[in-house]
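A short write-up of the structure that comes next.
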Number of protein chains: 2
Amino acid sequence: MAQKPKLQTVAQLAGVSLATVSQVLRGAGRISEETRKKVQLAAKQLNYVPDGRAAAMRSGQNREIGMVIHQIANPFNAEVISGVSDLLESEGYLVSVLDSRDDPAKEARNLEAFIRSARGGLLWVPAGEIHERALALLATHSMPTVTFLRKVVGASFDHVGIENTAATAKATHYLADLGHRNIAFFGGVGMGQVRKERIAGYVQTLQERGMPGPIVWESADTKLSGLDAAVALHDRHPEVTALVCNGDMVALGACLALPRLGLEAGKDISIIGFDDIADAAVATPSLTTLAVNPSMLGKKLARVLIDRIREPLMPQVCVTVPTQLIVRRTTGPLAACR
Amino acid sequence: MAQKPKLQTVAQLAGVSLATVSQVLRGAGRISEETRKKVQLAAKQLNYVPDGRAAAMRSGQNREIGMVIHQIANPFNAEVISGVSDLLESEGYLVSVLDSRDDPAKEARNLEAFIRSARGGLLWVPAGEIHERALALLATHSMPTVTFLRKVVGASFDHVGIENTAATAKATHYLADLGHRNIAFFGGVGMGQVRKERIAGYVQTLQERGMPGPIVWESADTKLSGLDAAVALHDRHPEVTALVCNGDMVALGACLALPRLGLEAGKDISIIGFDDIADAAVATPSLTTLAVNPSMLGKKLARVLIDRIREPLMPQVCVTVPTQLIVRRTTGPLAACR
DNA sequence: ACATATTGATATAACGTTATATCATCGGTC
DNA sequence: GACCGATGATATAACGTTATATCAATATGT
């Protein structure tokens, strides 16, 4: 239990120099099999773990990468994070995640924290508005950065996102095919990039097919908010028979409101969520939703970052992945009369 | 957009020495008001952010702390993490969380990763079994460590946990008072510390009140598993009219099974969860549960770690916080005849 | 006026690694 | 036996901070 072992300690025990130990442990340079064995044994005996800070500082590389996300508690995001971590850890990186809680000031602090510790790369799901200081800092301390889901307009970061417009267009078409004419877009707050794109797909389809509307209804991204908002929407627009939702959480919240409105999902009203979180399949009735495999998405995100780290001069990358409509029990044909 | 500014750059711009800049930025030493202003201006102009690695290395202090948790996706844990981060960030620390997925090998790798980067402190929710190597590494590289929820037997780490035994005893008494006699303990897997304590409270109460049983039924900690397990339990033990659950997730899973078993929660069967996650209040019917404020718990955890960091010689701390029974709609008096 | 504090600034040696250059030693070739 | 190219090991200077010691210059006390 003496002192924390360092390179020097291992070198003394093995009877070789500092440099030799360093080379053996990194698998670099030309070392004889004999001394290699000696050093490895000594390191094992001492429970030696190299100091990553010193290594990162000297080598100019940092195998810790930082992720700044607008909301960590969301189950969809949680799965994405798993996917990201899996791939990056298998490549020898370590991922730490900071939650901005949709607060630009906190987001700026998070980014600064990662700059301070000189992370080797940055994964960033921007909050609604972006703090001035955040961009300034990121510009001076240039580090490999990939934005995710939400794009920073006018910035040159790599990006991985979802085909939002195509997704909600698909959903709206599907509802129209079922005979629905009064369709609302439900959930989300403000006019962030993602919500704007999703609303665009919905509105476009409405116009293409000559349907009334659009009706866009706000709700924070929790079940409870979704419940309240759904009641309010029904109060104001009782004619609506279908909802294209901004996320599964609000969609499930809306489902919770139905009993007290005297409606049944899939019969009186059709609801389509977004994300396909675990609860969507298990809820009663199960939720029709727009799915994108979150762990695959996370892996793609990680892959782009790794490429950028390895190849700093690579041209800007921008990937969007398609969604899949998973039909379950909250959607059905428009009831003939009501 | 030149190069990343360092202490030297700021010093040149301000026309002072390295040491002076360092002192100004840390608020240490004796510096005249005039030069202080000059330095701060220069730092601001350059968007200077100090390199935390170098600072940590030289000063021997690290304001980054690591958290290793058995399962990050669990909503209760997510709220605890929020509480932890809030308090620690307000004290100038940065928290990074690693998920072990209940895998001792991954847990050991996570702990090693934090040792490698020489985090200033460690928050640790151990997985079921503990890897030999993890304890060996932690022993040689002694760092301030607080275990959470699950205790490591025979170790000298500080600990913050929940009064598990008292909680399930309270729940079981409550069900008995409602007239239930055939009560099962539902959920969890294996004989980890926490589950053992909770089962103990349940069994003790059964014996005290001369009731039949015990019946202990396993289920993994997801809604889906809970659903399946509940069906199986009802199949094997149809006489059971009440469940004390190991967590809200399995409790809600069990609730999902009821319709297809022809039972109604709060009437034919009573169910008590554990954790009071957000879904518990919003589910239909709402879930009676044993609550412990997760964010308060997280804050207490963070507080213990900070105390340990500040006062390394302080005697070992061990805190357990009580739970509160929140009665909602999944519990009710035993139906007279069935 | 002389020793003695006090103030404000600076020079410099760490912290634990890695990268580069250097240096022996040996076997082979002409 | 002088020269050369491998091979295997080592010495040493960074990386960007902070802590300590040092040093002028000014203020204080007798």
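Please read all numbers here as calculations on a predicted model, not as lab measurements.
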Exercise for review: For the residue pair A:Ile162 and A:Leu297, establish whether any side-chain heavy-atom pair is separated by less than 4.5 Å.
Suggested key: yes

Review point. Does CD in A:Gln61 sit with more than 12 non-hydrogen atoms of other residues, nucleotides or ligands closer than 6.0 Å?
Key: no

**Study point:** Under-4.0 Å salt bridge between A:Asp103 and A:Arg101
**Key:** no

**Study point:** Test: A:Lys106 and B:Glu89 ion pair at under 4.0 Å
**Key:** yes

Point to revise | More than 12 heavy atoms from other groups under 6.0 Å of CD on B:Gln45 | key: yes

Practice item. Take A:Leu18 and B:Gln61, find for each the nucleotide of DNA chain D with the closest heavy atom, and name the residue whose nucleotide sits nearer the 5' end. Key: A:Leu18

Exercise for review: Could you check whether B:Ala19 gets within reach of a base, just the sugar-phosphate, or nothing at all, counting any heavy atom under 4.0 Å?
Suggested key: base

Practice item. Might you point out which heavy atoms bring B:Arg303 and B:Glu91 nearest each other, and give the distance in Å? Key: NH2-OE2, 3.3 Å

Review point. What are the residues of residues 20-37 of chain A, sorted by number, that bring a heavy atom to within less than 4.0 Å of DNA chain D?
Key: A:Thr20, A:Gln23, A:Arg30, A:Ile31, A:Ser32, A:Thr35

Practice item. Identify the 5'-most and 3'-most nucleotides of DNA chain C with at least one atom closer than 4.0 Å to a non-hydrogen atom of chain B. Key: C:dT7 to C:dG16

**Study point:** Neighbour count above 12 (heavy atom, 6.0 Å) for A:Lys300 NZ
**Key:** no

Check your understanding: For A:Glu132, does the CD atom have more than 12 heavy-atom neighbours from other residues, nucleotides or ligands under 6.0 Å away?
Key -> no

